[in-house]
Amino acid sequence: MWKIFRFMHRQDRGYAFLCLLLVAGQVWVDLTMPDFMSDITRLIVTPGSAMADIWIAGGKMLLCALGSAALSVIVGYFAAKLASNFSFTIRGQVFHQVTDFGAEEIKRFSTASLITRTTNDITQIQMLVAMGLQVMIKAPIMAVWAVLKIVGKNWQLSLLTAAAVVIIMTVILILMRLVLPKFRIVQQQIDDVNRVTRENLTGLRIVRAFNAEAYQEEKFGTANQNLMATQLYTSRHMAVLMPVISLVMSGLSLAIYWFGASLVNGIPVTGPAAIMERVDMFSEVVVFSSYAIYVIMSFMMMVMIFMMLPRAQVSAARIEEVLAAKPAVQEGKGAEGTEKGSLSFRNVSFRYTDASEDCLQDISFEAHPGETVAFIGATGSGKTTLVALAARLYDATRGQILLDGKDIRDYTFDQLYSRIGYISQKAVLFSGTVAENLTFGDAGHPITEADWKAALDIAQASDFVENLPGGQAASIAQGGTNLSGGQKQRMSIARAIARRPEILIFDDSFSALDYRTDAALRKRLATDLAGTTCLIVAQRIGTIKHADRIVVLDEGRVVGTGTHAELMQNCDVYREIAMSQLSQSELEAK
């Protein structure tokens, strides 16, 4: 619970403290009523008592009941307000933290798990906060206060109440020991269900194309069955609590009245004083019974929380794990480059966290302002990882990367990404309009309409955008699912160009374009963005044939650097790739 409290803002903690005071007031009012009940009992059996006195005592009991109800409503209002504020705050913190994560942290937690932590886990804590302020605070205060009320009144009845409390606590501790590990498993299994569902929805076309509906249903059924089995286990064990509490409460009431009757009968009737002593004992038994029931009721209320607390504790730990995670890529303190548009790799090596060996080894090259440097190699040779290092999606394991003459790790993220336009291997668009996608993010300067219209023209996207219903105001579905692969790539390229960066990084971003569009786009890049440095990862020789410098990678190492003509002469790997793609006449063409 302390972990949950630490997540709260100062204002929310103020609401929690106010709820604490109001609950204490409500408990005081509730525990005052048995005293009035005792007064009424005495007045009824005392000869000569006035009816007005009984009405006054009853009126006070009624006022206490109404006051308790009013305080309960007020506490419920503030508890609901606090719970909603808390979930709003913590959800924002988690989202902000996740946006700072790099590829390494996303891989560590998994997308499905992060979605569950942002939704289901926070909801579990919100429910606990809403219930906890009304019940978790009230239950221990009521239990302690009621015990203080009955301590010293009668040791036999006190012993009965203590035995009932011990039985309840023993049952609760046993059940918590059994179900708490299962609650951790439940949240992990929700991750699995989320993952399978998301995977199925994302790949729905592939599932249908391969007639794999039955396979996916079985896969989902397995994850769903595992979740159901675990939840049934926890629910069946937790279901034991309420019957046990009810049985103990009823048994305690019966035992108190039984022992109370024997105590009353044990007082001999020898005169008016003895009768009054019997009346006092009877009144004491009635009041004791009421307070004992309050003690058991407080444990009943705590049982409601115990049903929610273990799962909420697991959720709080999962959320804290996300908030405590330190991104591997840390922001620099700020730097100003001595050049503009230059990039240099100096003996750079990189190894993924769980890998046994480097996937890039001793990489060195330079890209001067306005140059086009291309990267080619077999699948798995490290091309995408190399440009990811240039965009600082990862940090190099060894070596140094210089941007504009300064170490790339010295820049703040704002300084770094205002210099770089990155087009990922998978074209990603966001729900919204065409214009909103093209002006997405912070470029360090305003992106004008003229900027993104020119970017559309360079990216060969103007024609298809104009033909969309609404043109620039046309809606783009989440992930750009209402566009073709080539259209999404051209939109992604236009979005990067509109930022007017110093360096453009194309991570195999021409793969869905036909040869004619590819050639036209590259021509416009050469003429309209002559001063922009371009890094291009490509699989097609035709895309990079005219680059100023081509870097050939093989198994994470540079095996050749030069122009197309130079590599055809002195690099066997490049020559093999080129001859597998182009005819002799195409190879000889300039």
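Heads up: numbering here begins at 1 and tracks the sequence.
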| Rounded distance [0.5 Å steps], CZ in F375 versus OG in S381 | 11.0 Å

| task | Would you check if the side chain of Q539 reaches a backbone N or O of D508 as a donor-acceptor pair within less than 3.5 Å? | result | no

| message | Checking the side chain of S344 only, and the main-chain atoms of E366 only, is there a donor and an acceptor separated by less than 3.5 Å? | response | no

| F413 and Y417 aromatic ring geometry - parallel, tilted or perpendicular at 30°/60° bounds | tilted

| field | Test item: T230 side-chain N/O and N226 main-chain N/O as donor-acceptor pair under 3.5 Å | value | yes

| request: Take the angle between the ring planes of F345 and F365 and call it parallel below 30°, perpendicular above 60°, tilted in between. | output: parallel

| If you look at every heavy atom in M568 and R575, which pair is closest and at what distance? | O-NE, 2.8 Å

| query | Are any non-hydrogen side-chain atoms of I493 and L521 less than 4.5 angstrom apart? | reply | yes

| query | Would you call L402 and I408 a side-chain contact if the rule is heavy atoms closer than 4.5 Å? | reply | no

| task | Identify whether the distance between the nearest side-chain nitrogen and carboxylate oxygen of D554 and R557 falls below 4.0 Å. | result | no

| Should R500 and H445 count as side-chain neighbours, where that means a heavy-atom distance under 4.5 Å? | yes

| Q415 side, atom CD; E331 side, atom CD - distance, nearest 0.5 Å | 8.5 Å

| message | When you measure from the side chain of Q97 to the backbone of A325, do you find a donor-acceptor pair of N or O atoms at a distance under 3.5 Å? | response | yes

| Without hydrogens or angle criteria, can the side chains of N120 and T123 be said to hold a donor-acceptor pair below 3.5 Å? | no

| query | Can you list the steps and then say if L483 with M491 is a side chain to side chain contact (heavy atoms under 4.5 Å, CB included)? | reply | CA-CA 10 Å; L483 300 179; M491 282 281 291; 4.3 Å; yes

| query | Taking atom CG of L323 and atom CZ of R117, what is their separation to the nearest 0.5 Å? | reply | 10.5 Å

| task | Can you measure from CG (L429) to CD (Q489) and round to the nearest 0.5 angstrom? | result | 10.5 Å

| said: Between D507 (side chain only) and T384 (backbone N and O only), is there a donor and an acceptor less than 3.5 Å apart? | reply: no

| field | Pairing of D404 and K406 as salt bridge, 4.0 angstrom limit | value | no

| Do the charged groups of K333 and D410 touch, with an N to O distance under 4.0 Å? | no

| query | So do the side chains of I401 and R392 get within less than 4.5 Å of each other, counting heavy atoms only? | reply | no

| query | Are the side chain of N437 and the backbone of F430 linked by a donor-acceptor contact shorter than 3.5 Å? | reply | yes

| query | Under 3.5 Å, side chain of T397 to main-chain N/O of R351, donor-acceptor pair present? | reply | yes

| field | Close side-chain approach of V552 to T561, heavy-atom, < 4.5 Å | value | no

| field | Enclosure of E555 CD (heavy-atom neighbours >12, cutoff 6.0 Å) | value | no

| Exercise: identify the closest heavy-atom pair between A390 and L343 | CB-CD2, 3.9 Å

| Would you say the side chains of S315 and Q124 form a donor-acceptor pair under 3.5 Å? | no

| message | Please determine whether side chain to side chain contact (heavy atoms under 4.5 Å, CB included) holds for the pair L525 and I497, giving the CA-CA distance in whole Å, both sets of side-chain angles, and the decisive distance to 0.1 Å. | response | CA-CA 9 Å; L525 288 174; I497 293 173; 4.0 Å; yes

| message | So, taking the atom named CD1 in I423 and the one named CZ in R495, what distance separates them when rounded to the nearest 0.5 Å? | response | 9.0 Å

| F510 vs I536 side-chain heavy atoms within contact, under 4.5 Å | yes

| How far apart are the C-alpha atoms of E336 and R419, what are their side-chain angles, what is the distance that settles it, and do they pass the salt bridge (Lys or Arg N to Asp or Glu O under 4.0 Å) test? | CA-CA 11 Å; E336 287 299 329; R419 289 171 161 82; 3.7 Å; yes

| message | Could you tell me if the side chain of S349 sits less than 4.5 Å from the side chain of D358, heavy atoms only? | response | yes

| Is the F109 to F101 ring centre distance short of 6.0 Å? | yes

| Shortest non-hydrogen contact between I125 and A312, atoms and distance | CG1-O, 4.0 Å

| remark: All heavy atoms of D395 vs all of V329, minimum pair found to be OD2-CA, 3.9 Å

| request: Please determine if K219 and E199 form a salt bridge, counting it only when a charged side-chain N lies under 4.0 Å from a carboxylate O. | output: yes

| Where A498 and I447 come nearest, the two heavy atoms and their spacing | O-CG2, 3.8 Å

| 4.5 Å side-chain heavy-atom contact, I503 and L403 | yes

| task | Could you tell me whether a side-chain N or O of T412 sits under 3.5 Å from a main-chain N or O of G334, the two making a donor and an acceptor? | result | no

| said: I'd like to know whether CD of Q400 has more than 12 heavy-atom contacts from other residues, nucleotides or ligands below 6.0 angstrom. | reply: yes

| request: Give a yes or no on whether a salt bridge exists between R499 and D451, defined as a side-chain N under 4.0 angstrom from a carboxylate O. | output: no

| request: Enter the distance from F350:CZ to L389:CG here, rounded to the nearest 0.5 Å. | output: 6.0 Å

| task | Check whether NZ of the Lys or CZ of the Arg R540 lies under 6.0 Å from the centre of the six-membered ring of Y515 and within 45 degrees of that ring's axis. | result | yes

| field | Shortest non-hydrogen separation from T533 to P369 and the atoms involved | value | OG1-CA, 3.3 Å

| request: Examine the side chains of D514 and T517 and answer whether a donor and an acceptor come within less than 3.5 Å of each other. | output: yes

| side chain to side chain contact (heavy atoms under 4.5 Å, CB included) partner of S113, the single match among R195, E321, R318 | R318

| request: Mind telling me whether Y574 and H564 have parallel, tilted or perpendicular rings, with 30° and 60° as the class edges? | output: perpendicular

| field | Crowding at CD, Q569 (>12 non-hydrogen neighbours, <6.0 Å) | value | no

| Donor-acceptor pair, side chain of S475 and main chain of G432, under 3.5 angstrom | no

| said: Donor-acceptor pair, distance only, cut-off 3.5 Å: does the side chain of K383 make one with the backbone of A378? | reply: yes

